[in-house]
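Atoms considered below: every heavy atom in the structure, side chains included; atoms not considered: hydrogens, waters and symmetry mates. Residue numbering restarts at 1 for every chain, and letters A, B, ... go by the order of the sequence lines.
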Amino acid sequence: MPNLYEGAGILTNVKLDHVSKYFDKVIGVENIDVEIRSGEFFTFLGPSGCGKTTTLRMIAGFYYPTSGRIFFGDQDVTYLPPNKRNIGMVFQNYALFPHLTVFENVAFGLQVRKKSKQEIREKVERALKMVHLDGYGNRRIDQLSGGQQQRVALARALVIEPQILLLDEPLSNLDAKLREETRVEIKRLQLELGITTIYVTHDQAEAMAMSDRIMVMKNGVVQQVGTPEEIYNRPNNQFVASFIGESNLLEGTVEEMDDRLVKVRISPELVLSGWKENAAPGVQLKKGEKTTVSIRPESIREASSSEQGEENVVRGQVTLSEFTGVSVNYLTRVGEHQLKSMFVNRGFRVYQRGEELTISIPKESVYFLG
Amino acid sequence: MPNLYEGAGILTNVKLDHVSKYFDKVIGVENIDVEIRSGEFFTFLGPSGCGKTTTLRMIAGFYYPTSGRIFFGDQDVTYLPPNKRNIGMVFQNYALFPHLTVFENVAFGLQVRKKSKQEIREKVERALKMVHLDGYGNRRIDQLSGGQQQRVALARALVIEPQILLLDEPLSNLDAKLREETRVEIKRLQLELGITTIYVTHDQAEAMAMSDRIMVMKNGVVQQVGTPEEIYNRPNNQFVASFIGESNLLEGTVEEMDDRLVKVRISPELVLSGWKENAAPGVQLKKGEKTTVSIRPESIREASSSEQGEENVVRGQVTLSEFTGVSVNYLTRVGEHQLKSMFVNRGFRVYQRGEELTISIPKESVYFLG
Amino acid sequence: MYSTSNHSWTPSAMKRKTSITSSPYFVYVLVSPLFLVLLAYVIYPLFQTFIESAQIDGTFSLQNYLEFFSLKNTSNLEALWTSIYISILSVITCGIVGVGMAFLLERYEFPGRKILSVLVMVPMSLPPLIGVLSFEFLYGKSGIIPRAFQAWLGLNEVPFALSGITGVLVVHTFTMYTYFYMTASAAIKGLDPSLEEAAASLGASRFYIWRRVILPMLTPAMVASSLLVFMISMASYTAPLIFGVERTMTMQIYLSRTNGDLDMAATQSTILSIVSILFLLIMRWYQNIRNYQNMSKGISVHRTEVKSKVGKYVAMILSLIGVMILLLPILVLVLLSFSVDGSWTVEVLPTEYTLNHYIELFTDSRTWRPIANSFEMSMIATIGNILFGVAAAYAAVRLKFKGKTLLDVLIMIPWALPGTVVGINLIAAFSEPSVFSLNQVLVGTFWIIPLAYFVRHLPLVFRSTSAVLLQMDRSAEEAARSLGASWWYSFRRVVFPMAFSGILVGALLAFVQGIGEFVASILIYTSETVPISVEIFQRMYAFEFGTACAYGVLQILLILIVLFISQKVSGNNNITV
Amino acid sequence: GSTSKSDEKKKLVIYTGRDKNVVNTVISKFKQKYPDIEVEALTMGAQEILERVRGEKANPQADFWWGAPQTTLMTAAEEGLLESYKPGFADKIPANYKDAQHRWVGEMLLPEVIMYNSKALKKEEAPQDWDQLLDPKFKDKIVIRGVMQSGTMRMIYSSMIYRLGADQPQKGYEWLKKLDANTKEYTPNPTSLYLKLTRQEGTVSVWNLQDIMIQKELKKMPVDFIYPKSGAPILVDGVGIVKGAKNADAAKKFYEFLFEEQTASELSKKFYQIPTRTDLKKPDWLAGTELKPLNIDWAVMAKKEKEWMQYWDANIKNKGKK
Ligand SMILES: Nc1ncnc2c1ncn2[C@@H]1O[C@H](COP(=O)(O)OP(=O)(O)OP(=O)(O)O)[C@@H](O)[C@H]1O
Ligand SMILES: Nc1ncnc2c1ncn2[C@@H]1O[C@H](COP(=O)(O)OP(=O)(O)OP(=O)(O)O)[C@@H](O)[C@H]1O
Ligand SMILES: [Fe+3]
Ligand SMILES: [Mg+2]
Ligand SMILES: [Mg+2]
């Protein structure tokens, strides 16, 4: 039998070849066709129920696709049993072994690989330390808090240093500090060992920060695959634009257009101009035609009084003011539209509901979605 | 016995009177003494395993305190069975009834309350709509994705419009959009019905945005109770400062001090001055003595070249540059220190690892933790 | 690809492996041995029975069935009705007692709980032959209790006595509630405690929680035990006989056979199995409507709280009373084993006591042979049951394949048939060499009895194991696979320990049943393999009633030891105070 | 094949319906006489023997069938389960106690008599003849071994019908109906019959003479018998060689041994058996009792029994009181 476990050095790109999965009549995912490169950190992103877990489970071998094939490298693994795949997986529901202690849970995969007692002990302890659970080895799983259980699940998957790491919301129950640390740790491991990592998260910031590439899904269908910057700055469609980070999506008509600049009228009070090249792939802007403009809230600035009346500077009324610590978020009414904006908390004065606020929208932040 | 179910109008402040809970020798929580006001939105915040769930479970009646008492209003409920408490709870592990459909799960609490079929149908449907699960009523729980399950759990707790709502990480598996919407919905319900809400989250931004007050815990011990602003801007100690949002914690010696300004030397390269009143409660600054300074990364600005050499303006080398979509985060080395800073993404140029960067730290953002 | 690795395998080697195990038909490869064995031991004899019933003078005819259902002589129909009626009532009474005891003993911690939870299983160790008699001694017209009341109230006649359907139900409840008790205990242990908490947080009272959450969640366990109880009640013989309910299916079969009406007997057996299969199908349908698998995220905390003091003592007293009542018939056996044969006539309690029965037993060198035989044969059968039953349960619950229902039916049939019929089928099947017996004549050898026990008690392990498997979150197994564990490894390290409570329950039931088995044993035992039940029968047959009782007491003691050890092994540590 | 090598012990497998003590006594004697034959005796009820022998027909495991009522033996013989063998002593047994084709031979006689609790009733108080059982004074004093399951009881009940005219069973049915009215209970097995009788749930029953004697003398139970004045149905309990027996030689040896004078008289003394052999002396304990048989044609009985008993079961049992 091939020793899959001595994986170091093996290139493992994961290819989903037109994969679909139906549950009876319910669509799990449909026609996913993507290749995840060896050693890549790849993220599945999408709203709840869009098929992330389903896809992950097919890669792990717990579901067989209804149609399509899955390859690891050249090998067709569509029907290969999970234990032959040399994967490590963190399950969304942890799937810990209730009858084993924390230590035994983490040690499980190493025992399967017939490591020596000594090695197991060392590795498990290192892994537990990594997730800040040193000293918890002898606890029963039901004596742990939710987050602690999640960390055990994580340690259990990481300790075996698999060739492919499948992480299904592995940090969802951890606090920001711990997430941060664990993220760094996962990333480090991934780079060090060249592990191909597939990551599911509901946290876009996390996805942005960690991923080499991101696949955005919706209702089982892939919307866009690309680097974080591509996805954030050049979304394929409205869904991606609004799903990844906040976005003001405004519909308007192209009023003027030259080689570089496009001017769009959104409403009588609101005209925005932006660079022509800032358009989603395939979007053809034409004078007089409808277009949708996307503006990130954080790109909006408070305008100084001197800017009043300049291009892309508008005045409105604050309808919601929300303090988040790092920033203050406003909803500002301009005509019939509500513009979201986010100002970083730098000790500026905080506008309250009802106050007037003048905002400026930089031209380079106006993006045309067609 | 008062009819707790007809809760409207009853004031339900929740008082934890020196409550401790030990599991054999393990400390769950210790000596919690706090009063949650009627109708308040109160959040427990703290690292994984700090005792949030334990406290919540005591309020719900699933644990009896090892010592201390719990009051709802005037009534001592320490040993009152959970079903007599008129609470709604979202469990960290969802605890859905696997043998019931989505609809039946959500309807459960209403059936207990002997509502009419008609009313149940309406309310359940409204609740399912609220969590975007309309049309899923007949599904079995095992046919739902992780996030969908969490939403059922949420709907089940909200639909009974309890007097006290206990939410244990109710949104941890939802994407940002849905979290946002659900947060708004929870908040609306809470305000409309005057529900006392106790919320556990690992997401500080969420806690900040929603809470009237926050209780920060660590290892079972309360660190600070206060409004989001208080906690963020005036943390009681280093733990709170670093746990709530990011913070640069720097140790130094008070070099100069007058009535308003304090100047602290952190390292040969780094001297920071700030306002004297910006000090944690009980901190006495004295010239020549040690102090710890806290600076929020988002308060740090990129300095223009003209500011070079001014007070609180330093030059350093970028050691980490991270793009999160909304912002770019840097680690900048200044002498032996690494300063975290966060610049909102406004299409500025992104500095790469190794480049030089000049940053400015506003005086009003320098906070003394003693 | 993989060229950088230095091992010698090639993708094609992998492919070959893959093609077998990954084929959708692989599961059939897995389950076909199960079917084969069942075919040999169940279908084949049963089919012969059916052929016999539907053949008159070598031609196909449903004459026997017409006769069975004819309205001219309704005794068959009456018997069918009585059997069904008794069986359903038995399921209900056993369910109430069994689940009630499980609730008290699993959910409350009080002094002596552990002892009680062993004692509560003892009734299943009651030796069938003398066991039923002890009910007579206890509640019959001349029984201790009616006579005690008579003496106490100064009446001329006994105020009450157990007879008829009530009597049957009492005996059935007593001897069979353990199915419910044991499967329900295992299920309650495996129940996610957070479900109860969720219900309580939604305002549900204890009772409501039981009705809407716990009992429905126990469905797999209840279905399992209902099936076991229903079927064995259908096949029950002695109890109805003793209490004068003579118009039952088993009695009809017996009579047909003594009359030499073999084809009618076959007809009746067939109908009996059809009724049981129908019940099985209904229960399966009911069970499949819902999902019982634990769906919570992570592992829930077991509640460590002690309930109210009052509840604790009430539970203690209730279970004490329950256990006392359940132990009475056994105590009567003990009493009888010490009383002089024939001396106990009109008195409430025996008047003359003696140690002679025990002396006789312990001085006879052959006393231990039957005991050793029974333990050995039952042990062998139980090991087989575990291997086969657990595998079958796993296949039925976890694997997807066509013919699941059939598998289920096949496994359950031997339990549904009267023991005599099973014995006779086995003799018929194995008195000549056949493929299924590896070309051996099994009749007259040691192996025929373990085989009979195996076939007959397989449903116990199968049922109780599938009940826990249905409850168990399957993602733990997936986690094991994802960590590289082969199917077998993850089965061994994860599935088996997690399902252990259920498997143990089944194994214990099978083992104890094996020790007590009489009806089939008497037809197939050899002089080398006299089981304890046959030995007791022989003592009774020789009118050594006291010695028979002493023997029975010995058997109970040994079973008690087994139960006690198993209790220790299973480590009853889910409730900690 | 039967036993082959000479140095190997010969084997003999006996299925027996006799009680353990009888079996042990006889077999140990037999072994003294034939030390080279290893005897295996399996004890079970006559019905079970029939089932087993039937099931094993294709490959018989047993050699000798020791003990079953003649009706069962007749069934077995009809089904071809018994070997035809004429033992040496055959002539000493009256023709009505053996099969004409020598497939079975009666070993002992079981007169069916009236039994009573001698502690509760004096001998004179007990019913002296069958018809007295119907006397209202015995109402609810009679307990009867469950009829349908017991060969003995079926025989007794059929005899009662036969006695009153086999061609017009209605009379017999009437009689049995009255008996049913007086019967308190049918017991599921002999043990509980004795238990109920000694515990005075009832005081009168009908049963076979040998068992009553054993209970009375060996077990010191408070029971005794009354030999009905008009005569008793005398059941024949017999033996036979199983067809296809692997150790037919040994079985024949045992056959002969069982009927030897010494064996028979010992069994008679110790276990109250009444041998079929006419040439033996009447046992002491029977002194004073004349074994007067009811005049019964067993062939007719065998033919009718099933029908009569089914009728009884369906129409008479438990209906007499109404
Ligand atoms: N049954 C138990 N036995 C022993 N220790 C326990 C038990 N339950 C919880 N603990 C411990 O008590 C502490 C507090 O647990 P709790 O569940 O309240 O944490 P938490 O704040 O909810 O954490 P998380 O955010 O990870 O859910 C943890 O360290 C946990 O390990
Ligand atoms: N066994 C099943 N039967 C029917 N539908 C199912 C089943 N499992 C999943 N689904 C449906 O398939 C869709 C995709 O589910 P999946 O678990 O992949 O979502 P997800 O992207 O992981 O969501 P989440 O972020 O909420 O975990 C969902 O709409 C879900 O309801
Ligand atoms: Fe989060
Ligand atoms: Mg998911
Ligand atoms: Mg928690």
Side-chain angles (χ1 to χ4, degrees), chain A residues 23 26 45-54 92-93 132 143-148 150-151 168-169 172-179 202-206 208-209 228-229 231-232 242-246 296-299 301 322-327 329 342-347 362 364-365, chain B residues 23 26 45-54 92-93 132 139 143-148 150-151 168-169 172-179 202-206 208-209 228-229 232 242-246 296-299 301 322-327 329 342-347 362 364-365:
Chain A
F23 302 101
V26 178
L45 205 60
S48 170
C50 70
K52 305 180 292 290
T53 302
T54 306
Q92 196 169 9
N93 68 352
H132 295 263
Q143 293 172 332
L144 297 182
S145 77
Q148 286 164 343
Q150 192 167 40
R151 285 182 271 161
D168 200 347
E169 311 229 359
S172 64
N173 275 72
L174 305 183
D175 56 278
K177 287 286 132 194
L178 205 53
R179 285 171 85 83
H202 63 266
D203 186 329
Q204 287 107 354
E206 198 165 271
M208 292 289 169
E229 279 91 350
I231 299 236
Y232 194 83
S242 65
F243 186 77
I244 309 295
E246 296 272 352
R296 297 288 179 191
E298 71 275 10
S299 66
R301 286 189 299 110
E322 193 183 58
F323 176 77
T324 68
V326 176
S327 66
N329 301 334
M342 178 190 128
F343 297 169
V344 164
N345 172 14
R346 260 183 214 141
E364 55 275 11
S365 312
Chain B
F23 302 100
V26 178
L45 204 60
S48 168
C50 72
K52 306 179 292 290
T53 301
T54 305
Q92 195 169 9
N93 70 352
H132 294 265
R139 286 266 188 109
Q143 295 171 333
L144 297 182
S145 77
Q148 286 163 343
Q150 192 167 39
R151 285 181 271 161
D168 200 347
E169 313 227 359
S172 63
N173 274 74
L174 305 183
D175 57 280
K177 287 289 134 196
L178 205 53
R179 286 171 84 84
H202 64 265
D203 186 327
Q204 287 107 355
E206 199 165 270
M208 291 288 170
E229 278 91 349
Y232 194 83
S242 66
F243 187 76
I244 310 296
E246 296 270 350
R296 297 287 179 192
E298 70 275 11
S299 66
R301 287 190 296 109
E322 193 183 58
F323 176 78
T324 69
V326 177
S327 65
N329 301 335
M342 180 192 128
F343 298 168
V344 163
N345 172 15
R346 264 189 212 134
E364 56 275 11
S365 312

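To the nearest 0.5 Å, atom CG of residue A:D203 and atom CG of residue B:L174 are 12.0 Å apart. The structure places CD of A:Q92 at 5.0 Å from CG of B:N173, a figure rounded to the nearest 0.5 Å. For the atom pair A:L178 CG and B:H202 NE2, the distance stands at 10.5 Å (nearest 0.5 Å).
When each of A:M208, A:M342, A:E298 is scored by its heavy-atom pairs under 4.5 Å with chain B, the top score falls to A:E298. Chain B forms the most heavy-atom pairs under 4.5 Å with one residue out of A:S242, A:S327, A:P297, A:C50, and that residue is A:S242. Between chain A and the options B:R139, B:R151, B:K52, B:K177, heavy-atom pairs under 4.5 Å are most frequent for B:K177. Between chain A and the options B:S48, B:A176, B:S145, B:G46, heavy-atom pairs under 4.5 Å are most frequent for B:S48. Heavy-atom pairs under 4.5 Å with chain A were tallied for B:Q148, B:R296, B:E169; the largest tally goes to B:E169.
The contact between B:E246 and chain A is made by backbone and side chain atoms together, counting heavy-atom distances below 4.5 Å. Heavy atoms of B:P362 lying under 4.5 Å from chain A are absent altogether. With a 4.5 Å cut-off on non-hydrogen atoms, A:Q150 does not touch chain B at all.
Scored by the ring-ring contact (aromatic ring centres under 6.0 Å, His included) test, B:F243 finds B:F239 as partners (sequence neighbours excluded). Partners of A:E206 according to the side-chain hydrogen bond (donor to acceptor under 3.5 Å, both in side chains) rule, which considers only residues two or more places apart in sequence or in another chain, are A:R179, A:Y199, A:T201.
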